[in-house]
Protein chains: 2
Amino acid sequence: MGHVKGMPEGFLEGMPLVIASNGRSAVPARGEKVVSMAPNTASPRDRYRAQVRAEIKEHAWGQIAGAGASALSLNAIAKQMGMSGPALYRYFSSRDELITELVTDAYRSLADAFRTTASDGPDLAGLAHAMRRWALEYPQRYFLIYGTPVPGYHAPDAVTTIAGDIMATLLDACTAEATEATDATDADNTADVGETAFDTHLAHHRQWAGGHPAPAPVLRRALTFWTRLHGVLSLELAGHFTGMGFDPAQLFAAELDGLLGR
Amino acid sequence: MGHVKGMPEGFLEGMPLVIASNGRSAVPARGEKVVSMAPNTASPRDRYRAQVRAEIKEHAWGQIAGAGASALSLNAIAKQMGMSGPALYRYFSSRDELITELVTDAYRSLADAFRTTASDGPDLAGLAHAMRRWALEYPQRYFLIYGTPVPGYHAPDAVTTIAGDIMATLLDACTAEATEATDATDADNTADVGETAFDTHLAHHRQWAGGHPAPAPVLRRALTFWTRLHGVLSLELAGHFTGMGFDPAQLFAAELDGLLGR
DNA sequence: CAAGCTTGTTACAGCTTCTAACGAACGCGA
DNA sequence: TCGCGTTCGTTAGAAGCTGTAACAAGCTTG
């Protein structure tokens with residue numbers, strides 16, 4: 001009900017508002033409706049618009065969790081919200097735009113989880129566990145980021161920026177680990193890790209580090225961390241271990257142990 | 001043209017037949033039409049049916065390569081083949097059944113690539129390179145197997161069987177490597193690999209090995225091989241390295257080097 | 001040859017995305 | 001306070017999809 005004709009009466013008080021404590025997190029916690037604090041000075045109409053957009057995205061996440069991103073239906077979302085299908089196109093110009101927003105939010109969510117963890121000190125093991133915790137809590141978001149790509153699709157600038165943030169956090173932690181290691185032992189024995197051929201290749205192809213001062217072996221370490229954790233995590237989330245009997249958590253822990261040098 | 005009304009006249013000579021040399025491979029090479037050798041005694045109708053099914057699958061692979069599995073359209077395939085939409089339902093009872101077939105074929109294709117490689121001797125490095133070669137040649141098949149899962153979907157028995165075959169091949173290679181290592185050095189120093197906590201866990205949860213006699217450390221090695229290679233490969237195929245500048249092949253080689261003990 | 005099975009056709013229901021035209025409510029400026 | 005433009009939600013409809021039903025025509029087997 002509610003929406004009979006035209007804009008719903010009293011739309012400002014019509015929905016429970018939750019002011020986001022963290023100004024960055026664009027992905028609401030389960031069941032909450034969030035309006036960012038920054039555009040508090042915005043016009044009522046803008047606030048209502050942001051509100052509806054957030055509600056649409058929430059229903060979208062619900063649908064994705066239930067049947068995957070490919071089954072996302074704007075029409076179904078509209079019905080759930082008690083309005084007609086075409087009304088949603090006032091808020092998202094197309095289904096693709098909505099999905100792009102969800103992808104961006106997923107990246108932001110992961111970046112937030114990483115940054116939050118790293119704020120308690122740059123610790124690779126903590127980052128790894130944060131990664132797994134986040135992935136298990138939001139598998140849909142994980143697959144939106146790391147799942148099957150759409151052949152024609154090209155990610156917008158926003159996500160490449162956020163992906164850079166995530167990588168920077170990881171590089172910070174790897175750098176901290178490296179300096180810590182050289183502090184613990186004597187100087188100049190960093191070479192005991194072994195300079196590989198790929199390290200020298202990386203030294204010449206490091207623009208992806210975005211100005212991060214980490215030396216090539218540290219870049220390589222970050223890449224290895226990323227690929228190995230993704231290897232176990234993605235297979236676990238996709239259910240490839242389900243029929244196998246062992247505990248994926250223990251496999252993850254074992255892989256992390258290997259990464260941290262036993 | 002061709003199809004005007006009813007079954008096309010002279011359908012037996014209507015299409016170029018290629019008799020499969022390998023009786024197992026259900027996935028045809030690019031641009032070929034394959035009919036298995038075994039049901040050569042089948043009725044002409046059956047042969048025609050298999051022929052059309054294969055042609056449908058070929059067009060399906062083309063569509064998947066172009067726009068992803070979610071964009072696969074039976075109607076579009078029918079048009080490409082010059083017949084009406086509902087006609088396809090004589091060959092596949094639903095879109096899901098077609099996709100399931102494609103998934104099964106993808107598994108079979110990977111299993112064939114593995115088996116072929118292993119027939120030249122059980123060599124882990126060779127298996128790894130075969131994996132990457134296959135994945136780069138058929139990224140769509142890789143993502144059909146290891147990509148984003150559909151929440152409700154449960155794989156049919158056929159694919160779990162084939163997945164078991166793949167794992168068996170990998171376990172064979174890992175076993176060969178282990179015995180080779182113990183032959184090279186003296187006896188009873190297998191312990192220098194280090195028995196991890198996860199090894200003992202695996203020793204108690206090994207039914208997934210399907211009766212393979214490999215000891216727990218070998219099981220663990222197979223798992224590690226699988227997850228690490230998948231980690232680099234899936235990120236490469238999904239394009240997560242594209243903007244980064246370095247050569248994915250070298251990252252893969254480096255990871256493989258690490259896996260093989262430098 | 002004749003009966004039956006198989007395959008193709010068109011028509012249609014019901015879903016989807018998305019556009020177009022319209023009316024009503026909001027809210028800002030005068 | 002009043003009015004007018006903007007925004008929003010509506011219905012109608014095009015074009016596409018999956019999948020079903022009814023029917024026509026040809027192969028194939030008794």
Side-chain angles (χ1 to χ4, degrees), chain A residues 1-15 41-56 59-60 63-64 67-100 150, chain B residues 1-15 41-56 59-60 63-64 67-100 150:
Chain A
M1 10 215 83
H3 310 265
V4 191
K5 276 273 184 186
M7 188 174 294
E9 65 288 3
F11 61 79
L12 285 183
E13 290 74 36
M15 319 194 175
T41 71
S43 73
R45 248 180 165 137
D46 286 350
R47 295 177 59 188
Y48 174 73
R49 186 176 178 78
Q51 184 73 24
V52 175
R53 275 177 69 101
E55 196 176 340
I56 291 172
H59 283 97
Q63 280 205 6
I64 287 179
S70 61
L72 196 156
S73 157
L74 294 194
N75 243 321
I77 293 175
K79 267 181 202 158
Q80 284 177 13
M81 294 178 61
M83 57 190 200
S84 69
L88 285 204
Y89 287 80
R90 299 280 179 198
Y91 300 95
F92 294 94
S93 68
S94 73
R95 184 175 173 277
D96 275 8
E97 192 197 299
L98 172 56
I99 293 183
T100 296
V150 180
Chain B
M1 21 213 79
H3 311 263
V4 191
K5 276 276 185 186
M7 188 175 295
E9 65 287 4
F11 61 78
L12 285 183
E13 289 74 37
M15 320 194 175
T41 71
S43 74
R45 236 171 178 144
D46 287 350
R47 295 177 60 187
Y48 175 74
R49 187 176 177 77
Q51 185 74 23
V52 176
R53 277 179 67 103
E55 196 177 340
I56 291 172
H59 283 97
Q63 280 205 5
I64 287 179
S70 60
L72 196 156
S73 157
L74 294 195
N75 243 321
I77 293 175
K79 267 180 201 160
Q80 284 177 14
M81 295 179 61
M83 56 190 203
S84 69
L88 284 204
Y89 287 80
R90 298 284 180 196
Y91 299 95
F92 295 94
S93 68
S94 73
R95 185 175 172 276
D96 276 8
E97 193 197 300
L98 172 56
I99 293 184
T100 296
V150 180

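Lettering of chains follows the sequences in order, A, B, ..., and the numbering in each one begins at 1.
- In terms of phosphate contacts, B/N75 brings a side-chain nitrogen or oxygen within less than 4.0 Å of OP1 or OP2 of D/dT18.
- A/D46 has its CG atom 9 Å from the P atom of D/dT7, to the nearest Å.
- Rounded to whole Å, atom P of C/dG8 lies 13 Å from atom CD of B/Q51.
- By the side-chain hydrogen bond (donor to acceptor under 3.5 Å, both in side chains) test, A/R90 pairs with no residue at all, sequence neighbours left out.
- Listed by chain and residue number, nothing satisfies the side-chain hydrogen bond (donor to acceptor under 3.5 Å, both in side chains) test with A/S84 (two or more places apart in sequence, or in another chain).
- Partners of A/Q80 under the side-chain contact (heavy atoms from CB on, under 4.5 Å) rule, at least two apart in sequence or in another chain, are A/H59, A/Q63.
- The side-chain hydrogen bond (donor to acceptor under 3.5 Å, both in side chains) check on A/R95 picks up nothing, with sequence neighbours excluded.
- Remark: B/R90, B/Y91 in residues 89-99 of chain B come within less than 4.0 Å of DNA chain C through at least one heavy atom.
- At least one side-chain nitrogen or oxygen of A/R49 sits closer than 4.0 Å to the OP1 or OP2 atom of D/dC8.
- Closest to the side chain of A/S73, from the set D/dT10, C/dT17, C/dG8, is C/dT17.
- Protein atom CE of A/M81 is 12 Å distant from nucleotide atom C1' of D/dG9, rounded to whole Å.
- When all heavy atoms of A/R53 and A/Y91 are compared, the pair lying nearest together is NH1-O, 2.7 Å.
- Ranking D/dT6, C/dT9, D/dT28 by closeness to the B/R45 side chain, first place goes to D/dT28.
- A straight line from CD1 of A/I77 to C1' of C/dC18 spans 15 Å, rounded to a whole angstrom.
- Using a 4.0 Å heavy-atom criterion, one finds that A/S84 contacts the bases of the nucleic acid, with or without backbone contacts as well.
- Legend: residues meeting side-chain hydrogen bond (donor to acceptor under 3.5 Å, both in side chains) with A/S70, ordered by chain and number and at least two apart, are absent.
- Across the interface with DNA chain C, nearest-nucleotide mapping of B/L88 and A/L74 shows B/L88 to be the residue nearer the 5′ end.
- B/A69 and B/I99 get closest at one heavy-atom pair: O-CD1, 4.4 Å.
- At least one side-chain nitrogen or oxygen of B/Y48 sits closer than 4.0 Å to the OP1 or OP2 atom of C/dG8.
- Among the atoms of the strands shown, only primed sugar atoms or phosphate atoms (P, OP1, OP2) are found under 4.0 Å from some heavy atom of B/L72.
- Picking from C/dG8, C/dT16, D/dT7 the nucleotide with the shortest atom distance to the side chain of A/K79 gives C/dT16.
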